[in-house]
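Written out below as structure tokens is the structure these notes cover.
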Amino acid sequence: MATLSLQNVQKSYGGLQVLHGIDVELEDGGFLVLLGPSGCGKSTLLNLIAGLDDISAGDIRIDGRSVVELAPKDRNIAMVFQSYALYPTMTVERNIGFGLEMRGINGIERSAAVKKAADLLQISHLLDRRPANLSGGQRQRVAMGRAIVRNPDLFLFDEPLSNLDAKLRAEMRTEIKRLHGRLGTSVVYVTHDQIEAMTLGTKVAVMKGGYIQQFADPQTIYEKPANMFVAGFIGSPPMNFVTGTLTSDGRLARFEAPGVRVEAPMSSGEIFRAKAAVLGIRPEELKIADVTGSMLTGTIDVIEPTGPDTIVTVRVGDQAVVARLPSRFSSKAGDGVYLRAELAGLSLFDAVTEMRIQL
Amino acid sequence: MAATRRSRRMAADILTYFVLVSMSLFCIGPIAWMFLTSLKLEADIVTQTMQYIPNRITFQNYVAIWTQSSFPVLIGNSFIVTLITVIVCLATGTLAAYAFSRYTFKGRNTLMLGYLVVRMFPAVMMIIPLYVVLRSVGLIDSRIGLALAYTSFLLPLFVWMLKGFFDAAPKELESAARIDGSTRFGAMLWIVIPLARNGLVASSIFVAIAAWNEFLFALMLTTGQGSRTWPVGLQLMVGEFQLPWGVLAAGGILSILPVMLMFALVQRVMVQGLTAGAIKG
Ligand SMILES: Nc1ncnc2c1ncn2[C@@H]1O[C@H](COP(=O)(O)OP(=O)(O)OP(=O)(O)O)[C@@H](O)[C@H]1O
Ligand SMILES: [Mg+2]
């Protein structure tokens, strides 16, 4: 168990800067998720923490101690790779015990530790096999076994579930959450799956192009995205963006677009004069309203029942808005509809900078 | 319709086999002829009418070349030179290939290209400078000197081949080993080399065969019995001692036996070696 602190971490390959000053703090026993699209530098950051690659500038501290000068083996970390990286020439037992073997732990102690880890992951019956003779889910468990057997200060996971099918992925996600609760070891977890990020993380860092876009707990990331990238990246179906104008007198703000009118009290006291802005509304925040309480007025374009709820696409002015509504939904395409949402569930962004506007 | 397609396919097959078989015969012919000659009595070799299949078979020629000439010494020298070449290539080439495969450093590509350029020039061009260099360090007419000369043009081949095999070994395995407690060198030794084992064997055998068969360098860089290898020795026997043809043929057959063995091995290993890297995690 340990804290992790990344301070202005930078990485360049030749002239190409891949990470631009990453700052992250993870509490003891925390679960940090690095979330972002492909190529944003997640794996690079993980490799820097592991010491597999050299940092270009900045500092990495585990439990307050700078580790940038230490070799990977001296950082007391364990890592699970996307490809699992099991040693193909060794049995499962030796794969799991290899780290202990390298550290000179004797055979009896080693088998006991391997057995304990294997029991925890329910792979005791596979110990004599080779990785080639295991299913994807079993390999994944062996890879986890190899990580937990050493009792490291920090677990690093690089997209550990991305090679599994949807059902197994959900199962292993729960398993990882259970393991984390049980072992209490701090985790850094890379993924581009927002569900994994939301369900597992105590802290989420959303990355793009080598920058951290937002670093907060999952709830804040979801409810108060710092910019339109974060807002659009998290959530499925994604957040609706409605472009319009923002006007305020310092106490009351009003957002307007064809078919849209939202008023909200504000505390910042800022004055806006028909500023170009974007209103962000999550589909699940939208509800059917009557004329008096409505924020959006439009006509129904498409209705897609999914079982538990119904995804409805509504034309509002010349923009499309998607709403996730209850399954007992009686209207049909072409009908007029009024929609509203709680003010707390709305986000406003500057149309030019795409940054969140705090009212 | 189907019938004509089938008959056309058959014609193509027949043509393919005809070309392949005739080419194989063309290549194997001289070796087969040498083998038959080595089994003949001297009187049956130079005759009025050509005798293809020997009437009388004898192993006398094999006994003669082994007991009545310097052939065992030649084979011994060849063996030692080949062994030194392979060991030097293994010791230095493995590390070089690993570095080329895993590290990015200044001048890496230039260096790799340089390795290739060495092989661009014909051996005759290299031989005079090599001669001068070896003479000035006193390694002319020595087995180590000859092995070093071989290394100079076989090492690049070895490194390039092995680099391909190292490239095929997943990098994440090494990363895992380094986190598990290995040093970089340990990860190479315990993880990468076992994975690239077949490639290592194949590359070594290629080097060994090339060193075993080499003629020109051996001719120029050795002068005495002490370091002369079999290709040169055998060639010299033709002129020097007026050895009977049957005995020479026996010497030739004995000399290429190890090569045939190694080829059989390399063929098996190459097939495995090329697919071994594909196994993931
Ligand atoms: N060794 C390298 N040399 C040069 N550029 C590199 C190297 N490794 C990574 N990069 C670049 O750094 C950027 C980030 O790569 P990284 O692997 O960290 O992305 P990622 O966020 O893990 O993406 P993915 O989700 O696809 O795994 C990419 O643009 C990549 O091309
Ligand atoms: Mg990655």
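Letters A, B, ... are given to chains in the order of the sequence lines, protein chains preceding strands, and every chain is numbered from 1. For clarity, every value in this text was computed on a predicted model and none was experimentally measured.
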Open item on the list: Using a 3.5 Å distance criterion without hydrogens, assess whether the side chain of R178(B) forms a donor-acceptor pair with backbone atoms of A50(A).
Closed with: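 The answer is no, because no donor-acceptor pair under 3.5 Å joins these two groups.
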Open item on the list: As an exercise, state the distance from OG of S175(B) to CG of L156(A), rounded to the nearest 0.5 Å.
Closed with: 11.5 Å
Task: Heavy-atom closest pair, residues A176(B) and A85(A) - done: CB-O, 4.0 Å
- [ ] Considering non-hydrogen atoms only, spot the tightest contact between I191(B) and F98(A) and give its length.
- [x]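 Distance-wise, the nearest heavy atoms are CD1-CZ, 4.3 Å.
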Would you say [atom1] of [X] has more than 12 non-hydrogen atoms from neighbouring residues, nucleotides or ligands within 6.0 angstrom?
X       : atom1 : result
L25(B)  : CG    : yes
F18(B)  : CZ    : no
R108(B) : CZ    : yes

TODO: Decide yes or no on salt bridge (charged side-chain N to carboxylate O under 4.0 Å, His left out) for D180(B) and R150(A), but give the supporting numbers first.
DONE: CA-CA 9 Å; D180(B) 266 349; R150(A) 283 201 353 247; 3.2 Å; yes
Task: Toward chain A, the part of I179(B) with a non-hydrogen atom under 4.5 Å - done: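 Contact with chain A: backbone and side chain both.
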Open item on the list: Would M102(A) and W190(B) count as a side-chain contact (heavy atoms from CB on, under 4.5 Å) here? Give the steps.
Closed with: CA-CA 11 Å; M102(A) 282 287 138; W190(B) 301 120; 4.1 Å; yes
- [ ] Name the option with the most non-hydrogen atom pairs under 4.5 Å to chain B; the candidates are Q82(A), M90(A), E101(A), R103(A).
- [x] R103(A)
- [ ] Answer with side chain, backbone, both or neither: which region of A78(A) has an atom nearer than 4.5 Å to a non-hydrogen atom of chain B?
- [x]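 For A78(A), backbone heavy atoms alone lie under 4.5 Å from chain B.
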